[in-house]
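Comments concern the structure below.
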2 protein chains.
Amino acid sequence: MDNDKNKRITVKDVAAALGISPSTVSRALSPEKQHLVSDRVIELVEKKSEEMGYTANPMATALKRGATKTIGMMIPDILNPIFPPLVHEIQQLTNKLGYTLTLAYTENNQELALEEVKRLIARNVDGIILASAFRKDPTVDYCLDHGKPLVQVNRVIDNLASDQVLVDDREGIYQLFEHLYKLGHRHIAHIAGPNEISSGLSRRHAFISIADMFDVSPDHAPVISARAFSELAGKDATKILLKEHPEVTAVIAANDLLALGCIEELEAVGKIIPNDISVTGFNDMPYLDWFRIPLTTVSLPQTQLGDQSVRMLLSQIRKDSDSAFPRKVLLQPRLVVRKSTTTPRK
Amino acid sequence: MDNDKNKRITVKDVAAALGISPSTVSRALSPEKQHLVSDRVIELVEKKSEEMGYTANPMATALKRGATKTIGMMIPDILNPIFPPLVHEIQQLTNKLGYTLTLAYTENNQELALEEVKRLIARNVDGIILASAFRKDPTVDYCLDHGKPLVQVNRVIDNLASDQVLVDDREGIYQLFEHLYKLGHRHIAHIAGPNEISSGLSRRHAFISIADMFDVSPDHAPVISARAFSELAGKDATKILLKEHPEVTAVIAANDLLALGCIEELEAVGKIIPNDISVTGFNDMPYLDWFRIPLTTVSLPQTQLGDQSVRMLLSQIRKDSDSAFPRKVLLQPRLVVRKSTTTPRK
DNA sequence: GTGAAAGCGCTAACAT
DNA sequence: ATGTTAGCGCTTTCAC
């Protein structure tokens, strides 16, 4: 067995083996500079470096060039079933385009988020996809201050300070509300997500305004706030809802996890879903089809979300002309009717 | 607005601002070298670099030191619900220990896997956690040849060539088999995972040997192979099972996804689960509690899996004496009885 | 078309 | 206790 396990083969080694200069090797191996080198030498270099097992050291390249061919993605939490599909999509795409995706997790903690974004930028990522923004968010400012290409997905800050790709929350809530209204519901509650998160706020606003459009008066369309987008928060919000508005026949939860928590609590007090009360979610998390109470919900265009974010980010990185002004893309969700909704009892 | 957005602040800048040398700044900021510097200077440097917004460039450090404080983890696919919990666990732990985790995906494709591991090593990760090994796997060889610290989790190659942390498949199958046997089942089938994956093979072997222990003859304990650990493969395997062994009253699937596919097919031909036929899984994927047919399965000690792998890897990286010989850790799964199993019909 | 030399930002000798 | 120098591996002027 060879004893140079740890010895790295460098351009120098390849150059020496070929009796040429490191610069030539470098050029021969770089697609953008190959044209400066004779075909014969290119071939020689390619064969030799392959043979010697040469792989360029990305650290050195990055240090020299300032670009890393790496993009960073921040998500709150990989355990939240919404994110794996999005990460997958984005990973596939960036990879295909020659970039490496680095994940960072914020745990929905703004301080941690800032630390992590600092780390990403210190590591010289070429750009950042932020799927964890709060409405006021120092991470966004940090990226912008440092001139880092940035796109926000799904959750955004209040002003259009960078590219954003969003799901049309209003349309989603509209579809859900209409679905329930057509079933005959006239007392519909909303379990809202945190106000500090754009999707929480915009779904809440959408709900209020759409209730009005359908001539459902505010006291027949109560809103309860959940403190987080989690099962437990949904359960707790539902306790309050049941106490304060026992008359509601349907609940639009701001996401699937809240809806699950809601169902949990409803069943705990003996309600039958959907007969006693209809419940809807938002996002269409994986495996919902398999659930005991398959949730009626609204599904995200995950592929487009990923696609758009990557494209926008790359156009920023390449400084394409169309990236001169922040852009906002609004993607459409799709109603998925399952078994958690039906006509109101009686 | 300042126009030096892109300008990186370096040790040199901080040193210049303080009228001292870069090395002193470097030392003052490095925990291991601080003791070589006067307390007064340390304080000065810390304040100044904070004030100037200095962050070390990890590329440069890596290039110089040869170590990146980065560890790589390879998983087949982030969409497989087994992996997020494991990734989460490992991520938390490595982060706490000052390491950054980089993920790579193999899509269960050996060639892609090799490419990815090469990339990780080219990027100079300090070690690799491999959760995607095949029984014969060039990725393992590649790591070993390059002297990279490596631990295999959950799926391993045939020989003990590096540290491994495993779930005790035999124990898991035993618990499931015993559970079904006690319920009265005497015709139990196994839907096996691919033979090329260690967990597929070892669960199959476990099944065969345990059937024998319980004096269930081989023709009352048929084994059907699925081509992958997926829902679809489970469905297809079940078609064959139903044709060839209509008499079975219970199925032990090699993992949850296979079990789901199995259930899908059984229901497609009008069977009622668990009354007509009991089905069990393996792994206890998230949200199983919520499922229409909550799966009886065996749950993995995810925390320990993550914990052990990280510890072992770090002990290799630090070249602790206990890492001189490959170690194999066998963790115990736990039976989780839900609603997909009951006494055999009639 | 190719080589020599400098430098990205950092740290580890080797001075002093 | 601190400064000076060199070099990690690469790319890129600038020469020829």
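Quantities reported herein were computed from a predicted structural model and do not represent experimental measurements. Convention: sequence-line order gives letters A, B, ...; per-chain numbering from 1.
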Distance-only donor-acceptor check, side chains [X] and [Y], under 3.5 Å:
X        : Y        : answer
A:Arg135 : A:Ser199 : no
A:Ser162 : A:Gln152 : yes
B:Arg119 : A:Asn95  : yes

Strictly under 3.5 Å: I want the nitrogen or oxygen pairs between protein and nucleotides 1-4 of chain C, one per line.
unit_1	atom_1	unit_2	atom_2	d
C:dT2	OP1	A:Ser38	OG	3.3
C:dT2	OP2	A:Ser38	N	2.9
C:dT2	OP2	A:Ser38	OG	3.3
C:dG3	OP2	A:Ser21	N	3.0
C:dG3	OP2	A:Ser21	OG	3.4
C:dG3	OP2	A:Thr24	OG1	2.5
C:dG3	N7	A:Arg27	NH2	2.7
C:dG3	O6	A:Arg27	NH1	3.3
C:dG3	O6	A:Arg27	NH2	3.2
C:dA4	N7	A:Ser23	OG	3.4
C:dA4	N6	A:Ser23	OG	3.1

Nearest whole Å is fine: how far is [N] [atom2] from [X] [atom1]?
X       : N      : atom1 : atom2 : value
B:Met59 : D:dC10 : CE    : C1'   : 13 Å
B:Met52 : C:dG9  : CE    : P     : 13 Å
B:Lys12 : D:dA6  : NZ    : C1'   : 13 Å
B:Tyr54 : C:dC10 : OH    : C1'   : 7 Å
B:Ile9  : C:dC8  : CD1   : P     : 15 Å
B:Leu29 : C:dA12 : CG    : P     : 13 Å
B:Asn57 : C:dC8  : CG    : P     : 12 Å

What I want to find out is whether A:Asp158 reaches A:Lys136 closely enough, with some N-O distance under 4.0 Å, to be called a salt bridge. yes
Check B:Lys47 with B:Glu50, please: is the shortest side-chain N to carboxylate O separation under 4.0 Å? no
Is B:Thr10 near enough to C:dG9 that one of its side-chain N or O atoms lies under 4.0 angstrom from OP1 or OP2? no
Find the bend of the helix from C:dG1-D:dC16 to C:dT16-D:dA1 as the angle between its two terminal axes (five pairs each), to the nearest 10°. 40°
Give a yes or no answer on whether the side chain of B:Asp163 reaches the backbone of B:Arg327 with a donor-acceptor pair at less than 3.5 Å. yes
For B:Phe134, is there any backbone N or O sitting under 3.5 Å from a side-chain donor or acceptor partner on B:Asp137? yes
Closest contact, heavy atoms only, B:Ala113 versus B:Thr106: CB-CG2, 3.7 Å
If you take all heavy atoms of B:Val310 and B:Leu93, which pair is closest and at what distance? CB-CD2, 3.7 Å
Trace of the side chain to side chain donor-acceptor pair (under 3.5 Å) decision for A:Thr68 with A:Asn124: CA-CA 6 Å; A:Thr68 50; A:Asn124 243 324; 5.9 Å; no
Side-chain donor-acceptor distances from residues 73-88 of chain B under 3.5 Å, at least two apart:
unit_1	atom_1	unit_2	atom_2	d
B:Asp77	OD1	B:Leu79	N	2.8
B:Asn80	OD1	B:Ile82	N	3.1

Of residues 116-125 of chain A, the positions that come close to DNA chain C - non-hydrogen atoms, cut-off under 4.0 Å: none
Strand-adjacent residues in residues 61-70 of chain B, judged by heavy atoms under 4.0 Å from DNA chain C: B:Thr61, B:Lys64, B:Arg65
Side-chain heavy-atom pair B:Thr94, B:Leu313 within 4.5 angstrom cut-off: no
Let me have the donor-acceptor pairs involving side chains of residues 24-32 of chain A, under 3.5 Å, with sequence neighbours excluded, atom names and distances please.
unit_1	atom_1	unit_2	atom_2	d
A:Thr24	OG1	A:Ser21	OG	3.3
A:Ser30	OG	A:Glu32	N	3.4
A:Ser30	OG	A:Lys33	N	3.4

